[in-house]
Amino acid sequence: MSQLSEILSAFPPISLKEMDGVALMNRTDTKFMLSLTELEEILSLLSDKYRVLEINGLRKNSYETLYYDTTDFLFYRRHHSGKKNRYKIRKRKYVESNLTFLEVKFKTNKDRTEKDRVKLPLVSEDLLENEKAFIEDETHLGLEFEPKLWNNFQRITLVNNEMPERLTIDLGLGFSANGKEIKLNNFVIAEVKQERRNRYSPFMIELKKRMIREDSISKYCLGVAMLFPEMKSNSFKSKIFKLRKIENGMVA
């Protein structure tokens, strides 16, 4: 990824503290699937439009995520069935900043994402009583949850110079569960986070030029569909097919 590092070096930096002004905890999310080569082509054109998050001199930051679900994968099944008003529960470690959070994300039926989180000293697989209480306060579901899937990746975070927009770019994705692992080296997920959907995003304009269209995609659901063959995955087969074409260097 040396070419990507060189491209990122042309972007002005933004610090984690400066990022507070664009936290966008209540927002719209627009996701895209693309290849590493396409990403490099697009970013090489945008260094005057965005700043890049830099932590301890690094512009690609590592994330480790543990997803939780019910024993029978309720969250996964609701997403697979296209249900709205759905939750995602995870513990995430932001490696370079040495921060860990328990996070509850809620996707509303109005296509908005709300996220609440609480800081943790470390990622333990089992949920502690105070963590269970936080989840119940956020969800009011009265359910028990267990760890299901590990996900790790590197993230590039860009902040628009002129509008309230944050762009996260996840690459080098890996999934592991039940002793099985998957590693993706060419596949990239980009997510445009905005207060309100704005198609004048410079990044989205470049995607449109290349006919890269919006995709509703969940890293958790992709991981479950690929690592748990017993789970129903018909709704995700087209996305997994596209993922594999991108990973193998074919036109998506």
Side-chain angles (χ1 to χ4, degrees), residues 27-43 63 65 67-70 72-90 105-113 148-156 167-178 180-194 197 199 201 203-252:
R27 65 189 186 231
T28 65
D29 295 335
T30 312
K31 296 182 182 181
F32 302 88
M33 302 163 64
L34 63 158
S35 70
L36 183 59
T37 300
E38 289 169 324
L39 174 68
E40 290 173 340
E41 290 175 356
I42 292 169
L43 291 187
Y63 287 55
T65 306
Y67 289 98
Y68 292 81
D69 207 334
T70 61
D72 61 350
F73 289 90
L74 174 65
F75 291 164
Y76 172 84
R77 290 186 292 104
R78 283 185 62 82
H79 198 143
H80 183 270
S81 300
K83 302 291 186 183
K84 301 296 185 180
N85 290 338
R86 58 180 182 255
Y87 287 95
K88 192 173 293 173
I89 296 171
R90 68 193 184 197
K105 289 181 69 177
F106 180 57
K107 187 68 172 283
T108 74
N109 58 10
K110 294 181 172 59
D111 203 28
R112 294 193 66 83
T113 300
K148 290 295 190 184
L149 178 78
W150 281 96
N151 168 228
N152 60 78
F153 55 91
Q154 286 192 307
R155 171 168 287 182
I156 300 161
L167 170 63
T168 59
I169 301 163
D170 297 343
L171 56 158
L173 280 86
F175 301 96
S176 61
N178 295 335
K180 296 183 289 186
E181 294 185 9
I182 293 173
K183 182 68 175 178
L184 304 171
N185 297 308
N186 189 47
F187 177 70
V188 176
I189 296 176
E191 186 170 2
V192 180
K193 308 171 193 247
Q194 301 169 317
R197 201 169 293 243
R199 299 291 179 181
S201 156
F203 184 78
M204 292 171 73
I205 289 171
E206 293 300 326
L207 290 170
K208 185 175 182 180
K209 289 178 184 176
R210 291 162 177 78
M211 299 182 68
I212 299 173
R213 296 179 175 84
E214 174 184 351
D215 265 302
S216 173
I217 183 171
S218 158
K219 289 192 285 292
Y220 172 62
C221 290
L222 282 178
V224 170
M226 291 189 289
L227 288 174
F228 292 84
E230 69 276 17
M231 296 301 298
K232 188 175 181 180
S233 60
N234 294 347
S235 295
F236 302 133
K237 282 185 177 178
S238 63
K239 293 182 184 3
I240 294 172
F241 180 71
K242 183 175 180 179
L243 177 159
R244 287 177 173 151
K245 287 181 69 176
I246 292 172
E247 181 64 14
N248 293 327
M250 301 166 67
V251 176

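What's counted below: heavy atoms across the whole structure, side chains too, no hydrogens, waters or symmetry copies. The model shown is predicted, which means the values in this text are computed figures rather than measured ones. Numbering starts at 1 and runs along the sequence shown.
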**Student:** Say you draw a straight line from CG of L167 to CZ of F32; how long is it, rounded to the nearest 0.5 Å?
**Tutor:** 9.5 Å
**Student:** Within a strict 4.5 Å, meaning less than it, do heavy atoms of the D69 and L74 side chains meet?
**Tutor:** yes
**Student:** Restricting to ring pair (Phe, Tyr, Trp, His ring centres under 6.0 Å), what partner residues turn up for Y63, sequence neighbours left out?
**Tutor:** Y94, F153
**Student:** May I have all residue pairs that pass salt bridge (Lys or Arg N to Asp or Glu O under 4.0 Å) and include part of residues 225-240, sequence neighbours excluded?
**Tutor:** none
**Student:** Could you check whether any side-chain heavy atom of M33 comes within less than 4.5 Å of a side-chain heavy atom of L243, counting everything from C-beta outward?
**Tutor:** yes
**Student:** For S35 and I246, indicate whether the former's side chain and the latter's backbone hold a donor-acceptor pair under 3.5 Å.
**Tutor:** no
**Student:** Nearest heavy-atom pair of T30 and M204: which atoms, and what distance?
**Tutor:** CG2-CE, 4.1 Å
**Student:** For a side chain to side chain contact (heavy atoms under 4.5 Å, CB included) check, start with the C-alpha distance between F75 and H79, then their side-chain angles and the critical distance, and finish with the verdict.
**Tutor:** CA-CA 6 Å; F75 291 164; H79 198 143; over 6 Å; no
**Student:** Kindly say whether T28 contributes a backbone atom to a donor-acceptor pair with the side chain of Q194 at under 3.5 angstrom?
**Tutor:** no
**Student:** Any chance you could measure I42, atom CD1, to I212, atom CD1, to the nearest 0.5 Å?
**Tutor:** 4.5 Å
**Student:** Check for a donor-acceptor pair, side chain of N85 on one end and backbone N or O of N109 on the other, with a separation under 3.5 Å.
**Tutor:** yes
**Student:** Who are the side-chain hydrogen bond (donor to acceptor under 3.5 Å, both in side chains) partners of S233, not counting sequence neighbours?
**Tutor:** none
**Student:** Checking the side chain of K88 only, and the main-chain atoms of K105 only, is there a donor and an acceptor separated by less than 3.5 Å?
**Tutor:** no
**Student:** Sequence neighbours excluded, which residues qualify as side-chain hydrogen bond (donor to acceptor under 3.5 Å, both in side chains) partners of K209?
**Tutor:** E206
**Student:** Is any side-chain N of the basic residue among E181 and K183 closer than 4.0 Å to the acidic one's carboxylate O?
**Tutor:** no
**Student:** Looking only at non-hydrogen atoms, find the nearest pair between F187 and L173 and report the distance.
**Tutor:** O-CD1, 4.0 Å
**Student:** Counting only N and O atoms by type, is there a donor-acceptor contact under 3.5 Å from the side chain of K180 to the main-chain atoms of L227?
**Tutor:** yes
**Student:** Go through the structure and list residues passing salt bridge (charged side-chain N to carboxylate O under 4.0 Å, His left out) with K107, not counting sequence neighbours.
**Tutor:** D111
**Student:** If I take atom CD1 from residue I156 and atom CG from residue L171, how far apart are they, to the nearest 0.5 angstrom?
**Tutor:** 5.0 Å
**Student:** Roughly how far apart are L34 CG and E40 CD, rounded to 0.5 Å?
**Tutor:** 10.5 Å
**Student:** Under the salt bridge (charged side-chain N to carboxylate O under 4.0 Å, His left out) rule, collect the residues that match up with E41, sequence neighbours excluded.
**Tutor:** R210
**Student:** Closest approach of Y76 and C221, non-hydrogen atoms and distance?
**Tutor:** CE1-O, 3.6 Å
**Student:** Holding to side-chain hydrogen bond (donor to acceptor under 3.5 Å, both in side chains), I want the full list of residues that pass it with R78, two or more places apart in sequence or in another chain.
**Tutor:** none
**Student:** Ignoring hydrogens and angles, tell me if any N or O in the side chain of H80 forms a donor-acceptor pair with the backbone of N234 under 3.5 Å.
**Tutor:** yes
**Student:** Measure the spacing between CD of E38 and CG of L43 and express it to the nearest 0.5 Å.
**Tutor:** 11.5 Å
**Student:** Rounded at 0.5 Å granularity, tell me how far OG1 in T113 sits from CG in D29.
**Tutor:** 3.5 Å
**Student:** Is there a side chain to side chain contact (heavy atoms under 4.5 Å, CB included) between R77 and M231? Walk through the geometry before answering.
**Tutor:** CA-CA 9 Å; R77 290 186 292 104; M231 296 301 298; 4.1 Å; yes
**Student:** Between R197 and E214, is the closest basic N to carboxylate O distance under 4.0 Å?
**Tutor:** yes
**Student:** Run the salt bridge (charged side-chain N to carboxylate O under 4.0 Å, His left out) test against R155 and tell me which residues pass, sequence neighbours left out.
**Tutor:** D170
**Student:** Taking all non-hydrogen atoms of both residues into account, name the closest pair between V224 and L149 and its distance.
**Tutor:** N-CD2, 4.1 Å
**Student:** Report yes or no: does N151 contribute a side-chain atom to a donor-acceptor pair with the main-chain N or O of Y220 at less than 3.5 Å?
**Tutor:** no
**Student:** Please give me the minimum heavy-atom distance between E247 and N185, naming the atom from each residue.
**Tutor:** OE2-N, 2.8 Å
**Student:** Going by the rule ring pair (Phe, Tyr, Trp, His ring centres under 6.0 Å), which residues pair with F73 if we only count those two or more places apart in sequence or in a different chain?
**Tutor:** F228
**Student:** Among residues at least two apart in sequence or on other chains, which ones pass side-chain hydrogen bond (donor to acceptor under 3.5 Å, both in side chains) with S176?
**Tutor:** none
**Student:** Could you pull out the closest heavy-atom pair between F236 and A225, with the gap in Å?
**Tutor:** CD1-CB, 4.3 Å
**Student:** Checking Y68 now: which residues fulfil ring pair (Phe, Tyr, Trp, His ring centres under 6.0 Å) with it, not counting sequence neighbours?
**Tutor:** none
**Student:** Suppose we screen for salt bridge (charged side-chain N to carboxylate O under 4.0 Å, His left out). Which residues come up paired with R213, at least two apart in sequence or across chains?
**Tutor:** none
